[in-house]
Amino acid sequence: MDSKYSAVAGVKDAKTNNFKRKFVNIIENNVKKVKLSQPDYKLNNVHGTNKNYKQTIVKEICPVNMQEARKRLPVLMVRSRLIQEIRNNLTMILIGETGSGKTTQVPQIIHEARLEGLGSIAVTQPRRVATITIALRVAAEMNTEIGGYVGYSVRFEDVTSPKTKVKYLTDGMLLREAIMDPLLKKYSVIILDEAHERTVNTDILFGIVKLAQKERIVKKLSELKVIIMSATMDVDTFRKYFDNCPVIYLEGRSYPVTIYHSKMKQEDYQYAALCTIFQLHATLPSEHDFLVFLTGQEEIESVMYNIKQIAKEAPGPLIKVCPLYAGLPAAKQLQVWKDPPQGTRKVVLATNIAEASVTIPRIKCVIDTGVVKERTWCTRTGAERLRVTRCAGAACWQRAGRAGRTAPGAAYRLYTVADLKARPPHSTPEIVRCPLAPTILLLIAAGMDPVTFPLIDAPSSDSIEASLVLLKELGAIDSESNPKLTPIGKKMSAFPIDPKYSKILLSAPEYGCLEEALSLVAVLSSENVFHTPMHKREEALKVKQKFISPLGDHITLLNVFKDFCKAPLKKQWCKENYLHHKNLTYASEIRHQLLSICQRLNLTVSSCGNALDQLLKCLLCGLFTNCAWLRSGAGGEGKSIGVGRYVTASGAGASLHPAGALHTARPLPPAVLYTELLHTRRPYLLTVSAIQPHWLHRAAPEYARRCHASR
DNA sequence: GAGCACTGC
């Protein structure tokens, strides 16, 4: 039996002899059984918002016995208590496991009791797709048209009317509304759902609603009820933050999930995952689908290759492997929801996209590596870092729960019980590990003081300071202490994008290149447009050549976008060119939105034609802090010094990323403009264009002087 | 000469 496992390829230290041993260790340790919950209404990852999509959803989420199913929801058992608590308190916390029905039922309960009075009820969600599907579900349950009493609002799509009393919206949308009206006067009840996820937007909203409650009392306006809803969370922290408000716990309806822990520490989790997959594969019936949590595209592709190799000789049914990560084109993601042929087992290899964002049916068995790829930010150099870390306890439980959505299941954890206990219970909230300039600009625009603004977990003062300095340099605020928006800052905050990018758009008329700047900023604000599958890398790179500009990556992206707009059959064209149709479509929607804001601000939209250096100079107006200079003696074919050939304004060393357009350029440009400084294996400059050093003096004279003095 | 987790306006 051992010999067949020598087929393991591409996995480090894949030693045949310990395959069996590890495998047995993982399986023997039935540590404890826990009950986890049944599914809620959140639907699968259905992308796009066209008409077909909505019809499909309505069909799927409205079973004939919907009213019967509703009656059994745990939340309805506490209905009268809930109404009473809401009447008596300004704020409350509702803890409910998945399947308790809180997201769909609580707003209906409030509306049926007319607790919202003359105002309306807002329910926030962190994700677009969930926002839309839940709103459709609730409209169906209330037997009304969507956009009537029940509506939703997400970016690019507002399906509400003056009649709307229950409005589902993304937390980002409510935040945008708060800029226009920080007291959120049209709402009498605001429900912040999925609070445990602690996204930047929800964290900010906690503070906004808290201040709005107080201010409304001071101004003798109608009161604002706030309900915080969450699965599991650090209740004490939240309670303290919300002045010891009452907490109601809801039971979830649950299927049991049996948890198995590894007995000993696994040195190589990829290898351990493969061992576990094939151990289980040999014993479990083929209808039991597997879900394996991994960290990224490369890892998923590598494990997929190994599974296919081993499966050729391993005992057990046929295997269908489905990769699932956000960067995978939508058409390929859909494979995950297709039932495999009779007698074939589906093995889904997913990133933490499968943890909360999407739900896969029929998963009976979760294999959890216990790791996640996390992005952190360095205040001093502005460098971001992607690294694999052990995920928090809450994430481990969330992953295990994915096995018990439709029936009892099992979760195999490739880490020990001691390891689990040593983990932090919750992950670090996003707000303490990301760049803050966009958030701070938004707060100032909403009339808040970013320094005293109440946050549950405050970022370091260094981080806040760095963002204020940047906003001052961008001309958005007048001073770092007691900051007020400048006229430019006010315009910048009108754009739903990073302030560095809105500054580019506002500077573009001066360079006569707003046409091009809009396209480029839209692409930069979207996701990566290139898709490079491992096994077709050569071909993908060859196809990419036709877009590449000697000026660098920015013009290359512009070329891609322009050709995309001209292409008659866009889906087909994207497939042929290894481009993401979804992300390019998204970019063109963003461009449309940005254009209408520019027109509202009376900016002159003109094209610079072939004078593309105008566009690069314009980019520098927003990205002037992102310059790097070639190290002396490091040009041409010379050996790299330190960590890279370029050095940034903050003194960080970095190299041009090998996938970039300028990587093979010789001689290397003496100065470059980069969009991102990302540390993966080494620090790399991403999305880079060549610039003339003296351009910086015109784009940001003050900054250029300081920068020159310190270099 | 390497590879980018996940959301959102």
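Remember, predicted model here, so these are calculated numbers, not experimental data. Letters A, B, ... mirror the listed sequences (proteins, then strands); counts begin at 1.
- In this model, the phosphate group of B/dC9 is approached by a side-chain N or O of A/R128 to a distance below 4.0 Å at OP1 or OP2.
- Taking the side chain of A/N352 as heavy atoms from C-beta on, and the options B/dC9, B/dC4, B/dA5, the nearest nucleotide is B/dA5.
- Counting to the nearest Å, the P atom of B/dT7 and the OH atom of A/Y325 are 14 Å from each other.
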Name every donor-acceptor pair, under 3.5 Å, that has one atom in a side chain of residues 488-500 of chain A and the other anywhere in the protein, sequence neighbours excluded.
| residue | atom | partner | partner atom | Å |
| --- | --- | --- | --- | --- |
| A/S493 | OG | A/K490 | O | 2.8 |
| A/D498 | OD1 | A/K500 | N | 2.9 |
| A/K500 | NZ | A/N626 | OD1 | 3.4 |

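- Side-chain nitrogen and oxygen atoms of A/T351 include at least one within less than 4.0 Å of the OP1 or OP2 phosphate oxygen of B/dC6.
- Heavy atoms of A/L686 sit under 4.0 angstrom from at least one base atom.
- The residue A/T199 sits apart from the nucleic acid: no heavy atom pair falls under 4.0 Å.
- Between A/F156 and A/Y586, the distance from one ring center to the other falls under 6.0 angstrom.
- Within the 4.0 angstrom heavy-atom criterion, base atoms lie near A/T532.
- For residues 430-446 of chain A, the salt bridge (Lys or Arg N to Asp or Glu O under 4.0 Å) pairs, not counting sequence neighbours, are A/E374-A/R433.
- If you check residues 492-503 of chain A against DNA chain B, the residues with a heavy atom closer than 4.0 Å are A/P496, A/I497, listed by number.
- Looking at A/M448 and A/L211, their side chains come closer than 4.5 Å, going by heavy atoms from C-beta outward.
- Nearest-nucleotide positions on DNA chain B for A/N201 and A/N528 put A/N528 closer to the 5' end.
- By the 6.0 Å and 45° rule, A/R413 stacks over the aromatic ring of A/W397.
- Residue-level contact check: A/E374 touches neither bases nor backbone, having no heavy atom under 4.0 Å from any strand.
- Using a 4.5 Å cut-off on side-chain heavy atoms (C-beta onward), A/R198 and A/D457 make contact.
- Note on A/E527: a base of the nucleic acid sits closer than 4.0 angstrom, heavy atoms only.
- A/I548 pairs in a side-chain contact (heavy atoms from CB on, under 4.5 Å) with only one of the listed residues (A/L541, A/T556, A/V560), which is A/T556.
- Atoms CD (A/E430) and P (B/dA5) sit 16 Å apart, rounded to a whole Å.
- Residue A/T170 has a polar side-chain atom (N or O) positioned under 4.0 Å from OP1 or OP2 of B/dC9.
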